[in-house]
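Below is one structure, written out as structure tokens, with a few remarks after it.
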Amino acid sequence: TLPPFPIDLSAYHQLAIDPWATEKLSAEQSDALSANIELCRNAIVTFTACGAASGYGGHTGGAFDTVPEVVILDAFFRGRPDKFVPILFDEAGHRVATQYLKCAMDGHIPADTLRDYRKGHADLPG
């Protein structure tokens, strides 16, 4: 049996920012956003590498690149749920790793399944 997914996704800060009332981020908010960006990027690199190590290649590409926007939007969704529909659209599909990561962080799939990213018949195509 495989070890658990090596990145602790519970370390993600459940940050809430109201973009209409927040003129400047506090040091704590900025630090939390930076930590969330690093956590998410590390997770995406990790499970992309797991797929590559299994012979199912690929790159982190757009999912890695858009992490800052995703983390900021997530904080806005939490800060003003009355003003947002909390959906991250991915019109191209090239950033599907973001969707899988978000699903794992929100409890819709076990984080350990991220190890199977891109593997054939594992339900997480890349």
Side-chain angles (χ1 to χ4, degrees):
T1 152
L2 293 172
F5 187 68
I7 306 291
D8 179 9
L9 300 180
S10 70
Y12 187 85
H13 300 274
Q14 304 293 316
L15 188 61
I17 298 172
D18 179 348
W20 286 273
T22 306
E23 190 170 315
K24 182 179 179 184
L25 296 177
S26 68
E28 293 81 16
Q29 289 171 317
S30 182
D31 289 347
L33 284 173
S34 293
N36 285 349
I37 290 167
E38 183 176 354
L39 175 83
C40 291
R41 283 184 163 170
N42 287 343
I44 288 169
V45 168
T46 299
F47 67 81
T48 300
C50 289
S54 300
Y56 297 91
H59 60 89
T60 59
F64 184 92
D65 294 342
T66 61
V67 164
E69 291 90 341
V70 168
V71 168
I72 291 167
L73 279 172
D74 184 58
F76 288 175
F77 293 166
R78 293 175 198 285
R80 285 304 297 268
D82 59 317
K83 295 284 187 184
F84 293 97
V85 177
I87 298 172
L88 299 170
F89 289 100
D90 182 11
E91 72 287 344
H94 298 287
R95 294 169 297 276
V96 72
T98 304
Q99 303 295 333
Y100 296 145
L101 176 59
K102 193 79 171 100
C103 285
M105 291 189 323
D106 291 345
H108 300 294
I109 63 172
D112 292 347
T113 62
L114 295 173
R115 289 184 316 242
D116 294 329
Y117 180 53
R118 290 197 173 116
K119 291 181 188 175
H121 309 291
D123 298 326
L124 297 179

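Residues forming a side chain to side chain contact (heavy atoms under 4.5 Å, CB included) with S26 (at least two apart in sequence, or on another chain): E28, Q29. Taking the side chain to side chain contact (heavy atoms under 4.5 Å, CB included) definition, one finds that P68 meets it with I37, R41, sequence neighbours left out. Residues passing the ring-ring contact (aromatic ring centres under 6.0 Å, His included) test with F77, sequence neighbours excluded: F84.
Annotation for L9 and A43: closest pair CD2-CB, 4.0 Å, computed over non-hydrogen atoms. Pairing each heavy atom of A104 with each of A111, the nearest pair is CB-CA, 4.0 Å. A pairwise comparison of heavy atoms in D112 and P4 identifies OD1-CA, 3.4 Å as the closest pair.
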Determine, step by step, whether T46 and L114 satisfy the side-chain contact (heavy atoms from CB on, under 4.5 Å) criterion, reporting the C-alpha distance in whole Å, the side-chain angles of both residues, the deciding distance to 0.1 Å, and the verdict. CA-CA 9 Å; T46 299; L114 295 173; over 6 Å; no
Derivation and outcome, side-chain contact (heavy atoms from CB on, under 4.5 Å), residues Q99 and L88: CA-CA 8 Å; Q99 303 295 333; L88 299 170; 4.1 Å; yes
Please test L101 against C40 for side-chain contact (heavy atoms from CB on, under 4.5 Å), starting from the C-alpha separation and ending with a verdict. CA-CA 8 Å; L101 176 59; C40 291; 3.7 Å; yes
Verdict with reasoning, T113 to F5, per side-chain contact (heavy atoms from CB on, under 4.5 Å): CA-CA 8 Å; T113 62; F5 187 68; over 6 Å; no
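Using bins of under 30°, 30° to 60° and over 60° for the plane-to-plane angle, the ring pair Y117/F47 lands in the perpendicular bin.
Atom CG in N36 sits 7.5 Å away from atom CG in D74 (nearest 0.5 Å). Considering CD1 of I17 and CZ of R80, their distance stands at 13.5 Å, rounded to 0.5 Å. Distance check, rounded to the nearest 0.5 Å: CD1 of I44 to OG1 of T98 gives 4.5 Å. In this structure, CG on L33 lies 13.0 Å from CD on E38, to the nearest 0.5 angstrom. Interatomic distance, CD1 of I7 versus OH of Y12, reported as 15.0 Å (0.5 Å rounding).
In this structure, the side chain of D106 does not engage the main chain of H108 through any donor-acceptor pair within 3.5 Å.
Using a cutoff of 4.0 Å between basic side-chain nitrogens and carboxylate oxygens, R95 and D65 are not scored as salt-bridged.
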